Amino acid sequence: MLDPIIFGLMIGAFLFCTGILIVIIKKNAIFVMIGIELMLNGANVNFVVFSGSDPNIQGQLMGIFVVVLAAAESVVALAIMLNIFRHFQTLDLNSLKKLKH
Amino acid sequence: MKINEQLIEIQEHFGVISSEIILIIGSIILLILGILRLPLFWIKVFAAVVLLGSFLFAQQVSGFFFTRTIIRDDLSYLMTQLLPLVTLGVLCFKRQTYQSYEFYFLLMSVLIGSLFMVGSHNLLILYLAIELTSYASYLLTGFHFNEKGSEAAMKYLLFGGVSSAVMLFGISLLYGAHDSLYFDTLKFSLLGATGLFFFLSGLFFKTSIVPFHIWVPATYEGAPTDAVAFFSTVPKIGGFAALYHVFKWTNGLFNPFLEQLILLLAILSIVWGTLAALRQTDVKRMLSLGAVAHSGFILPLCFVMDTYSIFKYYVIIYALMNILAFLFVQLHEKKGKNLLISDVSGLGIKFPLLGVISVVWAVALVGLPPTGGFMAKFFLFSSAWQHYESMDSIYWLTFIFAGVLSSAASLYFYLRVPYFYFFKEDQSKKIKISKRHFLILTLLAFTLILLFIQPNIFDRFAPMINP
Amino acid sequence: MIEVWMYFFGLLILVSGITLIFTENLIYAAFLLALCLLSIVGFYIIYNASFLAVIQILIYAGGILILIAFGIMLTKRSPEGKVIVGYHLLFFGFLVTLGMILLIYALVVSSTIGPREILQTTGQAREIGIRFLTQYILAFELIAFLLLVVLVGASYSGKKSQHA
Amino acid sequence: MEDYLLAFILLLPLLGGIMAYTFPSKSGIIASIFLSITTILAGYHLNFVEGKLWIFQFEWLPGFVMSFAVDRSSAVLILMVSLISFLVHLFSIFYLSGDGYKDRYYLKLGFFTFSMLGLLMSDHLILLFIFWELVGFSSYMLIIFWFQDVKNAIAGRIAFMTNRIADLILFMGLLMLLGSGNDGFLSSLGPLPQNDSSTAIGICLLIGILGKSAQFPFFTWLPRAMVGPTPVSALIHAATMVAAGVYLLFRLFIVFDPYLLDWIASLGIITAFLGALIAACQTDMKAVLAYSTISQLGYMVMGMSVGAYDMALFHLWTHAFFKAGLFLCAGSVMHYLSIQNPADPTQDMRRMGGLKGYLPITFWSYLVCMMALVGLPFFSGFISKEGITLGAFSWAMQRENGLAFALPMTALGISFITAYYMGKQLILVFLGSYRGEKLLKMPQKSWIERAPILVLAILSFGIFYRIHPLGGDLSFLEYWLGTQPKVEGNWVTPIMGSSILLVLLGLGFSYWKYGRQGMREVKSFNSSRLSIFVQNGFYLDKFYMGILVPSFDWLAFKTSKVDTVLINPFFNKIAISTVVLSKVTDLFDRLIVDGLISLIKSVVQILGSMFTKFHPTRVQMHFVSAIVGLVIILVWLKFAL
Amino acid sequence: MSSYLLSLIIWMPLLGAFTLLFFNERQTSGIKIVALIFSLIQLLFSIGLVWRFDPNYGDHLLTSFQFVEKVSWISMSLGSFGSFNIDYHLGVDGISLWLVVLSSLITVLGVLASWKLKQQVRSYFMLYLLLSTSIVGCFLALDFFLFYLFFELVLLPMFFLIGLWGGPRRSYASIKFFIYTLVGSLLILVVMIALYLSVGVLDPSSEMMIHSFNLLHMMDSNYFIEGSSLAKDSVLTFMGMPLRAVAFLALFLGFAIKLPIVPFHTWLPDAHVEAATPISVILAALLLKLGGYGLFRIVFSIFPDAALHFGYYIAIFGVLAIIYGGLNAMTQNDLKRMIAYSSISHMGFVLIGLGSFTVEGAAGGMFQMIAHGFISAALFLIVGVLYDRTQNRKIENFSGLATKLPGYSFVVMIVFFASLGLPGLAGFVGELLVLMGAFNVSAVDGMLPNWIGIVAVIGLLITAAYYLWTIQRMFLGKYWVREYSWEPKMKDLEIREWLIFTLLILGIVVLGMYPKIILDTMNHSIELFIAHVGDLKIKP
């Protein structure tokens, strides 16, 4: 029987790592955004797990802000993706090759 | 404490962050003015007034405010004075087609985010502030709305998103380790240390420290030059100030290890930035990578607590040099095209003064007399040597040597601009630069030299509360 | 009982996460993400963060997923109409992730976290509300401003992308 | 007063030279006038130095005092130098009458006289070295006087370089001498303590002396120096500069340890012998005299080091006059021939002959000087030479080793050879009939040509030095030179006798060989392999070269028949190898030193490009690198904590 | 007046440069005259300095400076880092006096030599005067920071003067020059910082250590803070070497690159060859002296113990430079390159003189610097004369010039022979003194073995060899020049050139004949210097 805290942390870590993996291996920008969301959620799970034992529930507060921020980030991402799509006709990250390297 | 009392207290505290408040209100008014289709010139004037106002109304207080979520000290006072002025410098850039009131609004919001970054004493506020600067920056990066711009914005966004997620994960661990989001409760534990490093990676992303600097060249290349000048100064300096605060509260906990790590990263940044800049032909990319090296120089200063004055000096000079350099670059740009080094060849014959100015900023960025850049590096090395002396740590010595060698190597690329300016013969190039910009360039260059001759004037700029 | 739910949601997260990694279809991915987020909501409830759970459902379900779905439309499709996206960098990806997992295990999960238990407090919404207006009033203002910035910026950017 | 007198003597020649340069039209006359004053003053000055030193001290560097000092020996030599210089000036007016660069010539000549006088006057080693170098410098300038011909320039350069090698070794010796606690005043030099460093100092000083006096391993520069104008050869390369080495040996006598002196004596006699042998095989008129000078200088060096330094100095004096006389005679002959046949001026004795009738004064002067040189009684050379020979004999008698007698015996033998080659020269040049194309008789009216030759010839008579030709009282000059009382012993007379006999034999032999065929072409001249060998200076140069490249020796021998021009392979070889070495270092500099820097530069640049390229296109590689960085940091953290 | 004399000397050219700002680019003659006037005023002031100089001032190195000016320049508080004090501190002693005079003189001559310049005259002279200010500033600064400032300030004008008015490969040469010397000066910078933090006095009122850049404090071991990194008792090491030794080596290297010593010399030939004549003159006559002066004033004075320890190796570097520079000079076919290498060779004597730790040696080194200042200036001007007329300076392109250009050849003879060390001319005295020092020392306490001196003498021989060879190839023999078009241009020296050469040759001859004229004023300072440096010398 696992300690619930540890279990929560493991779930958080899993989400985080899954997010990293997706962020790296997927070619599509939207997938990468999904990965980022997963990473954020991993962190959020951690917050919630730790916040459970915190009478000040700061973790939960943080979580709320994070969710809002994630939404905001998606908006920004969408705006930029629209631009990308207009110029490149795709969201495939590999086709972004206009900049020098 | 009763809620009422708390609210009254908070109400009183709003006076302390008056410059941020002025900026927020000002930027919203700016937005409204923009919607009302006020000409862009007046929008700029208004923005300048707001910035000046925030500069003038910066409060020199010290302590914690807003139930300890906001800290005010020498550093935040310095930043509330410095960063608006730097933004003011960015406003002086040449008029371009992509500029609109949204552009200035976003600039202001980045500034606001940076100021909150500096002032935060709470991880939540800090995270919010960082995200504010980041989102506005992502948007600013793409302001050319062309292929390059969008690509740069996209890359910046994705990288920034990943970093902020990593950082958030770190914050969560920190929170778990200390049951608090306040800086001052940080204490040593393995969990805390781990969290700290996840967390730092986010700040390192903002301050472009190796290995979180990779976004820099691409973003700087694609973004509008005035935005680049802004990114390389305001959010970066804000990030360093935040780092300064973070380290201030974590110092002593992980001291030996943290010190080594920071120095190592600093050295890596210096080396990487210098080496990568060596063969660049795009001036903006070159400057951006040089800025990575400069980040490596500033980083130890944030870490070492007794070097506030040197940090201050370095940061001011750094801002000045970068604004000057990027302004110079922007003035030479052809519409919508990045400035290549070969684009300036042979201009020195017709524009000797501009050539001299390019010498000034190049020399300042290298760190040679008679410019403030030298003094900055000089103070930095002095401090580093003092630490080496007192700790007998090979890391400090290595840092000094890396710094010195990189200065020598950086000469090679920084000086290429004046070199092409004067030594390459090409009569075909033409540029148009208005008198106003000439004046601004000269003024900035002169200030850089003045800061060498009389660095004392810093004492009067953002004086310390407890000297 | 609560442990069963814990494991259940954990399993859901695990399955949806792993499937997310391997799916190539963006539509599936969106639904899997939704599943994952909903499982997380369950988790939040278990860990006594019901307010956050509500927020999560509201914002993610109502906001993020729609945004993603919107994004899907911009993506190139295969002739069969499927939204297929490829992957690459498998080696690096798995290597890094593996390293990350091991490290997090070594540094976080295995590190001694003091004896904690989950407090079953009530009236969280009130508490949160008070904190929004006192302790984190600045954060509250700030995020409001941030949303404004994002709104202005994104709309301008979108406008530009249509007109230019 | 006396100090000023010295200053006048020293500076007047220089002033004369400058004045001559300033007024080019009358340059010769002006310079000669100045020199005549100098000579008179030098003569007058003898009054003041009776038995004591006149010292003029001055601080040249802070705490570093130097002095000029004149004692009897140097005062006499000063007189000699100024007198000969005056005569040479006079002769030059005649000799260079057609040259366009007379003004330069007199400047150089004046400067040389100044340096030489300074050398004789200086009392401090460093001061002496300064003038020593100036003498070498002005000699170089005079050798390259006809610089338009690059051969002369090369000869001058090689002569100067050879000198400079020796000079710098001397310089090292002087510095070590000073470093060993000596204060460097010639007048207060004392014997050195016996140790390794004193030997080293001795050897260094010795090499300097050998170099300047054209002694054994260094003598090759002197024949080269003959490319200068003949009056210059007379002044510098016969009478004065080459004597400087002997003079220095005289001054430093006390420094050398006896063991070293024996070696010097041997070197001297070897030089004398070799020089005489080579002279015997020369065909060039000036070369004969040059090698003869070498031989006579070897004599002097030998005399110095066997202890007969008074006699050696005396020989220095007498030799200066008769050799200068001989050179001026040669100059007169050559000038005459070159006027006759400007297209092909020759110095080859084989193409002369019968000039007695054309140049009577020259002939008679030549005869007198020659007699002095070979050492016949009633002539000055006899007195000094016999003195040296007797000194050598008495030195050998004090040795237990019988081998020591080889020295004086060789000296006797040399007088035979000397007589032979001088006789040969006389016969080939003046007697018989002219062997070239026809020669016009031209009257020699210029007294400015004849007077110097005559004066020198007259001064070669023994009567001025010793009343009785075969011994007896010291004359005034010998007194001034500080000559010791004569060697006594019953062996003196036979030796003198045999010496005279050998001289006569030598003259007779030369007559037997050349006089009989007088009118005819000199066909058999130098036909034998041996004489070619000797003529080419025993292939000494080639021997040197053989040290470096043995195979070259053989080649040189083969080619020497074709290449009759005397080359100087040893120093050439050193020069060439230095040049080669310098090429090597230049390559090293460019490839290695500069290359290393370029290498560093390219390495940095390659690194730079690598780092530049490390910004991958794929944004996801950015994530990878950043996260890998984080992972590394965390791993480190894990193990550090 | 006299209390500001040094400031006047330093800033006069800069004032001139500012005056030039008011000139139009086209008023070339006015610009030249202004430059000449200001440099002449500077020369006058420095002659006045000699006039008022007391040669026997002070009885210790630290008190032997005259005309001292000391004003606080920067005094800024850096919080807990302490306060940061930089003084405007000038002073002159016998060592620097003549270098100042030399620089003012060469500056004047350089202006004269650039009289024919046509393009961008104003910028040229402004940079030129700035260069002059910084060089003289280096010689007079007694504050390390001030010194470093001037030292670095030399770089920029030089960089542009080479790069803008130079030959075909000027940009390469200027970059090379800049990077080499910058590396050197960065080493100096690090050591300077370390010294600053190691030297201080206790402020009685605040009980805080006041660090300072005062060179005099740095020379005095009493001012070193106990336990600081560069104190005598410092235990810090770097790669197994005591930090003091490392600092010494770094500082030495920094200045030696400027001198230059052999493996770091390759910037010099390139810079010389590409630079215009007056700039070459400044480079050889003054810039190299900065390195030598730095060795005297800073490296040896501050680290006498380490210097003593490394003296032998320093002398070996000197010998290496002499031989190597000489050999390289021999093979060059570019006259200017040859002379550049000969400079390297001659500067080797300075190192030997320093390494000998004797009064003779040190005085010889100093004298060599002054003499070389005159000689090398003349040498480069000689090249300039030829280059002016033909735009060519390859040795093999000329022959028998003595026939056509007698005056020029006369000058060449004197200068070449002065350079190869003919007694009676300036080059000899320095070499004599240095060798005396070297041989003396070997006899007295075995600091330097004899072979150093012997090899140095061989170096003299090599010098003679290449000069004579050059004379033979270029000036003797039949008159011939490669290009027919040069024929009409081959004219003898004009009045302006005669003026320059006469001054220089006068200096060369006077210094050679009567070296006491400067050695007298120098000697006291050299003695104090040796007493200061050598007082650690412990005889076994």
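Computed from a predicted structure; not experimentally measured. Side chains included, hydrogens not; waters and symmetry mates left out as well; all remaining heavy atoms used. Just so we're on the same page: letters track the sequence lines, and every chain starts at 1.
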Inset, instruction - Could you tell me which portion of C:Leu14 (side chain, backbone, both or neither) has an atom closer than 4.5 angstrom to a non-hydrogen atom of chain A? - result: both
Legend entry - Aromatic plane relationship, A:Phe7 with C:Tyr7 - under 30° parallel, 30 to 60° tilted, over 60° perpendicular: perpendicular
Inset, instruction - Sort C:Ile143 into side chain, backbone, both or neither according to what part of it lies under 4.5 angstrom from a heavy atom of chain A. - result: side chain
Legend entry - Between A:Asn41 and C:Gln56: side-chain donor-acceptor atoms closer than 3.5 Å: yes
Legend entry - Pairs of heavy atoms under 4.5 Å with chain C: top-ranked of A:Asn56, A:Val76, A:Ile80: A:Asn56
Inset, instruction - Select one option (side chain, backbone, both, neither) describing which atoms of C:Tyr105 are under 4.5 Å from chain A's heavy atoms. - result: neither
Inset, instruction - Counting only heavy atoms closer than 4.5 Å, note whether A:Phe47 contacts chain C via side chain, backbone, both or neither. - result: neither
Inset, instruction - Pick one of side chain, backbone, both or neither for C:Ile46, based on which atoms fall under 4.5 Å of a heavy atom in chain A. - result: neither
Legend entry - Most contacts with chain A, counted as non-hydrogen pairs under 4.5 angstrom, among C:Ile21, C:Ile55, C:Val149, C:Leu90: C:Ile21
Inset, instruction - Could you have a look at A:Cys17, A:Gly8, A:Ala79 and say which one has the most heavy-atom pairs with chain C under 4.5 angstrom? - result: A:Cys17
Legend entry - Interface moiety of C:Leu58 toward chain A, non-hydrogen atoms closer than 4.5 Å: neither
Inset, instruction - Determine whether more than 12 heavy atoms belonging to other residues, nucleotides or ligands lie under 6.0 Å from atom CZ of A:Phe14. - result: yes
